Amino acid sequence: MRARISLLFLILALSCSKEKYTKRTYLAMGTVVNITVPADSPDAADSAFLAIHLVDSLMNPISPLSDVNRINGNSGRWVRVSPYTARCIRRALEIAELTEGAFDPTVGRLVHLFHFDRAPDFRMPPEDSLRIARDYVDFRKIEVSGDSVRIGRGQQITLAAIAKGFAVDLACEKLDSMGVTGYIVEAGGDLRVRMPEGAKIGIRSPRGEGLFGVLRLRKGAVCTSGDYERFFYFRGKRYSHIIDPHTGQPVEGELSVTVIGPDATTVDALSTALFVMGSAKGLELLQELKSYEALFIEAEGVNMSPGFRKYLEEVF
Ligand code: AMP
Ligand code: MG
């Protein structure tokens with residue numbers, strides 16, 4: 001993936017004791033990756049980053065040899081992939097089912113038409129090509145058997161809405177297995193924390209430069225899907241880079257959705273799905289998902305699931 005260096009992180013990890021921890025910065029998955037580990041074992045960050053680099057090489061949409069591109073280049077046929085890719089796609093399918101297709105990895109053709117995989121040159125494609133691409137959206141046509149994957153003939157998948165979370169989880173699993181008990185792994189604003197003393201995490205205000213508020217979290221993941229970093233205007237209307245798979249159109253009107261939960265894979269995919277669903281339907285779904293909480297910042301106002309509030313330390 002092309003490196004997209006952004007000073008405007010969706011979420012900023014604000015504070016943890018400077019003497020006790022050290023932070024290393026890398027580029028992967030088209031964004032900046034920050035890994036904070038105890039100062040007495042700084043190399044643990046490099047080991048964790050290797051996991052992120054691996055996920056990038058398997059799931060990026062650019063390299064012809066990535067698993068995602070091999071799957072897309074062989075639509076209709078079984079493709080042997082890495083066990084990590086198979087695991088990520090299995091989880092993607094579960095979340096697609098759970099969200100009734102608000103999250104759907106088969107929006108690949110649409111993503112490509114809008115150039116959402118080629119930021120910053122987003123565009124509104126012609127209506128007839130949109131209609132064709134929309135007909136290929138159906139996550140139920142993806143099959144996974146062992147470490148092999150088959151998508152429907154002509155379908156194209158993207159894992160852009162889940163791969164960052166998956167990579168963060170893999171890096172955290174690595175740190176856990178090394179006995180590291182305090183860390184923050186963050187990729188382009190999507191992060192997972194394990195910090196006994198708690199970490200402060202800023203949620204960016206979707207309009208303007210400031211923060212909406214600050215969260216405090218000891219253990220868990222936080223991801224945001226927003227319309228403020230990646231968007232375009234067409235005939236005076238502002239469109240986000242997130243597509244409603246049911247209409248084939250980019251979502252309008254949602255500003256940002258921040259999700260908290262135990263694992264970054266689910267939280268990443270859920271933030272995209274809830275962005276499509278909006279707060280009314282999204283809050284209903286969250287009632288069934290006990291471990292996940294969300295904050296919706298919308299033009300009409302701010303809504304959150306009841307459990308989100310307990311993580312909010314400050315609101316500006
Ligand atoms: P995120 O920033 O995690 O919400 O991911 C958004 C990216 O995922 C977009 O740039 C697209 O590449 C892709 N995408 C857009 N809409 C969807 C959707 N409804 N389901 C799955 N992936 C999507
Ligand atoms: Mg996402």
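Fair warning: this is a prediction, and the values are worked out from it, not measured in the lab. Numbers here are sequence positions counted from 1. Numbering of ligands and ligand atoms starts at 1, following listing order.
- The pair D169-R192 meets the salt-bridge criterion, with a side-chain N (NZ, NE, NH1 or NH2) lying under 4.0 Å from an Asp/Glu carboxylate O.
- Applying the side-chain contact (heavy atoms from CB on, under 4.5 Å) test to A133 and every residue at least two apart in sequence or in another chain returns R109, L110, L113.
- Of the polar atoms of I243, at least one N or O is found under 3.5 Å from an N or O of ligand 1, judged by distance alone.
- In summary, R134 and D244 do not engage in a salt bridge, as defined by a charged side-chain N under 4.0 Å from a carboxylate O.
- Screening V259, T266, L98 against L289 for a side chain to side chain contact (heavy atoms under 4.5 Å, CB included) leaves a single residue, L98.
- In summary, the atoms of ligand 1 found under 4.0 Å from a heavy atom of P245, numbered by their order in the structure, are 19 (N).
- Residue-environment remark: CZ (R153) stays at or below the threshold of 12 foreign heavy atoms within 6.0 Å.
- Which parts of ligand 1 touch F103 is read off a 4.0 Å heavy-atom cut-off, strictly below it: atoms 20 (N), 21 (C).
- Those atoms of ligand 1 that come under 4.0 Å of a heavy atom in V107, given as number and element, are 17 (C), 22 (N), 23 (C).
- When the shell of 6.0 Å around CD of E313 is examined, it contains more than 12 heavy atoms from other residues, nucleotides or ligands.
- In summary, the atoms of ligand 1 found under 4.0 Å from a heavy atom of D268, numbered by their order in the structure, are 3 (O).
- Between R131 and D128 no salt bridge is recorded (no basic side-chain N to carboxylate O distance below 4.0 Å).
- A distance of 10.5 Å separates CZ in F49 from OG1 in T25, rounded to the nearest 0.5 Å.
- No N or O atom of D190 sits closer than 3.5 Å to an N or O atom of ligand 1.
- When heavy-atom distances to ligand 1 are checked against a 4.0 Å cut-off, A161 comes that close through both its backbone and its side chain.
- With ligand atoms numbered from 1 in the order given, ligand 1 contributes 1 (P), 3 (O), 4 (O) to contacts under 4.0 Å with heavy atoms of S225.
- Within the 4.0 Å heavy-atom shell around ligand 1 one does not find S271.
- The neighbour count for Y26 OH, taken as heavy atoms of other residues, nucleotides or ligands under 6.0 Å away, is above 12.
- In V111, the part holding a heavy atom less than 4.0 Å from any atom of ligand 1 is the side chain.
- E284 has no carboxylate O lying under 4.0 Å from a charged side-chain N of K281, or vice versa, which leaves the two without a salt bridge.
- Protein N/O/S atoms closer than 2.8 Å to the Mg ion (ligand 2), listed by chain and residue number, are A161 O, D268 O, D268 OD1, T272 OG1.
- Of the polar atoms of T224, none of the N or O atoms is found under 3.5 Å from an N or O of ligand 1, judged by distance alone.
- Results of the side chain to side chain contact (heavy atoms under 4.5 Å, CB included) test with R90 over V149, V144, I142, T85 single out V144 as the only residue that passes.
- Looking at A102 against ligand 1, only its backbone comes within 4.0 Å, counting heavy atoms.
- At a threshold of 4.5 Å between non-hydrogen side-chain atoms, the residues I157 and F139 do not count as touching.
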